There are 2 protein chains.
Amino acid sequence: MPGPVTLADVARAAGVSLATASRALNGAPGRRVGGELRSRVLLAAARLHYSPNANAQAMARGTSATVGLVVHDIADPFAASVASGVIEAAAERDLLVSVSATQWDPETEIRHVEALRRQRARAVILAGSRWADDEVEERLVAQLAGVVAAGGHVAVVGQRLASVNSLALGNAAGARRLARVLWTLGYRRFAVLSGSERQVTSEERLTGFRDGLADCGHRLPDENVIATQPTRDGGYVAMTELLDREIDVEAVFAISDVMAVGAMAALREQGYRVPQDMALAGFEDIPALRDLQPPLTSVRIRLDQLGRRALDLALGAPSTGAPAPTSSPPSAGSAADPVHLVVQGEVVVRASTPVRTVAGGAG
Amino acid sequence: MPGPVTLADVARAAGVSLATASRALNGAPGRRVGGELRSRVLLAAARLHYSPNANAQAMARGTSATVGLVVHDIADPFAASVASGVIEAAAERDLLVSVSATQWDPETEIRHVEALRRQRARAVILAGSRWADDEVEERLVAQLAGVVAAGGHVAVVGQRLASVNSLALGNAAGARRLARVLWTLGYRRFAVLSGSERQVTSEERLTGFRDGLADCGHRLPDENVIATQPTRDGGYVAMTELLDREIDVEAVFAISDVMAVGAMAALREQGYRVPQDMALAGFEDIPALRDLQPPLTSVRIRLDQLGRRALDLALGAPSTGAPAPTSSPPSAGSAADPVHLVVQGEVVVRASTPVRTVAGGAG
DNA sequence: CTGTTAGCGCATTCAG
DNA sequence: CTGAATGCGCTAACAG
């Protein structure tokens, strides 16, 4: 057991100085190491199974090779897809991704950001919906500022945070379009399964949906909005509740796909058919949707690209090896000038919301 | 912008020495810091927004607060569930989880392990199926040995790797039981959608299924085994292929749930009904399964617990704060004595494989 | 109980 | 182009 072999060991074995060994291995900018020495170092490193200590490198360099990703729940398809994109993009830059899960708890989120800050993460990406809570948000922003102060970059995806780079979703716009599409398809009586009114994403989609109906001269009754957890089980509960209320509804908009999935399960269990007895639509278009029966109408967001773009947003365009486009320095994600992008979703109509025949269908 | 505030700054602000500040903040074992000084340090740290540099800590302590998790694809439900468990368990220990994805490429896997080794990860967990390739496996094991040499712990989950702690699945046993259950339900003509024959998990499940049928005096024809990618799309392709071959089959076993999902999609597209025209079963019982129509028969593995247990296996039982059970030192996951556990799965019969009526059903 | 002093492993000045 | 020396921020012996 050679134990931890250090760069010094390699240097000694190669008969060169520490500095030379370091340069030979890293290819120090400008200073290249002579062919013979260089290969001697490389050989020694290989022979000793040398593995550079990333922590030491991080300290010496002042920046680590880790990016942090904070999600609510990695098992949630939304988070999993975004994470997939982030991890893929990070791998291309030789960065590792630390994923942490908040379980929808804002305090936990703050703690995770703090942990990432300690790691001197090169970037921190926050994915998922945020709460409307000024006090908590202030502390979160403070932590994020700490990350930036430590040389890290920050981006939030899936919502907008004022002082931070963000890749928001066109929640309101997407839901609004969806509402109009449903209207056009012939639906007239709607219900919405939403999250808490303090969840920004949920509220935006709800509001957008309302506005879309308003565009058509329709008003969504408040009692047709059921608020629960924005999870699969939340959707199940909400739909059950809706059915219990015996409100006359033709089409239900679940503000997220996972909720729609739960809603569908509830409908099935109660003996309702989709779409004959109830049309159903979601938001996000998670991959699993296409395997449901019937396939669900939704608002498509390219989730994996979202993750990719979030990293790009935080770190600046990926260095493709080729010299940069001579434009601004690759310092996107800085403090001063947060960039706010919005990704619009496209309504994808599937079998869960067919054209509604005038008479009122089979129901 | 106070810039990076260090422990030295805190010490100075509190009017104490570096060591005292460190101890006040960490609660050094044995030596506690006097109440007055202690609170002075804490106050200074808070006021300065001090954030300890985890890299420096890792270097000084010789061990980091990161564990690595290597999966094929984080968007795959199997991986996502396991990751969820690992992340949760890690959070309880104040550890961060670096997730990397191999995209089913063994070389990439080795590179990721190497990266984790550089990070001096406290533990490395490999999840997912392995290939039967001695040369590659040897190099992987060498990397893992490097991790251990650097003080890290290692565990593989989902298969067995000789020299490493493992949390294997009862693949053969589970598939065998499944076969017998299907036989008992009345099915007689089978096909299997498998992965490559070089994938250990796939082979084990296939073999187990074969054995189960053999237990019933039946022999699975070789041409009824279709090998593809062990993904959702692979399942789709395989089922399409199977239908093309026009082999007379009553029940199909897809060696993983995601493959079964793809298979189901193919069946539906071709106008076949599950289970009337074809019964279908998978393996793993991923959460999404219950939302399919019909719900899929599968072999249940508690995936999130798998992740949890994997971390426990690598790191030893979680320190619950209470004094340890005086048993062996918490050094499970060492080099010398790899622990090999097997998690058995339970066959869960659902609507996709109903009792088959003697005549041959509606088909 | 507290302060002093070494390193941890590496990148990087600065000389040569 | 190469080597010697410094310091990154922190913990852990050591002394006092």
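Remember, it's a predicted structure, so these values are computed and weren't measured experimentally. The sequence lines fix the lettering, A, B, ..., with proteins before strands; numbering per chain opens at 1.
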Report summary line: The single option from A/V86, A/I87, A/V97, A/L96 that satisfies side chain to side chain contact (heavy atoms under 4.5 Å, CB included) with B/V99 is A/I87

Taking only residues two or more places apart in sequence or in another chain, which ones pass side-chain contact (heavy atoms from CB on, under 4.5 Å) with [X]?
| X | result |
| --- | --- |
| A/A8 | A/T6, A/R12 |
| B/S51 | A/E114, A/R117, A/R118, A/R120 |
| B/A127 | B/L69, B/V71, B/V82, B/V157 |
| A/A60 | none |

Over how many whole Å does the gap from [X] atom [atom1] to [N] atom [atom2] extend?
| X | N | atom1 | atom2 | answer |
| --- | --- | --- | --- | --- |
| B/Q119 | C/dC8 | CD | C1' | 16 Å |
| B/L25 | D/dT11 | CG | C1' | 12 Å |
| B/R40 | C/dT2 | CZ | C1' | 12 Å |
| A/L48 | C/dG9 | CG | P | 14 Å |

**Report entry** salt bridge (Lys or Arg N to Asp or Glu O under 4.0 Å) involving B/E135 - partner list, sequence neighbours excluded
**Finding:** B/R139

Query - Which residues share a salt bridge (Lys or Arg N to Asp or Glu O under 4.0 Å) with B/R111, sequence neighbours left out - result: none

Report summary line: Bend of the helix from C/dC1-D/dG16 to C/dG16-D/dC1 from end-axis comparison, five pairs per end, nearest 10°, comes to 40°

Query raised in the report: According to the ring-ring contact (aromatic ring centres under 6.0 Å, His included) rule, which pairs have a member within residues 92-129 of chain B, sequence neighbours left out?
Result: B/H72-B/W104

Report task. Using only side-chain N and O atoms of A/S17, determine if any of them is under 4.0 Å from OP1 or OP2 of D/dT2. Result -> no

Give me, pair by pair, the N or O atoms of the protein and of nucleotides 7-10 of chain D that are less than 3.5 Å apart, along with how far apart they are.
unit_1	atom_1	unit_2	atom_2	d
D/dC10	OP1	B/Y50	OH	2.3
D/dC10	OP1	B/N53	N	3.3
D/dC10	OP2	B/L7	N	2.3

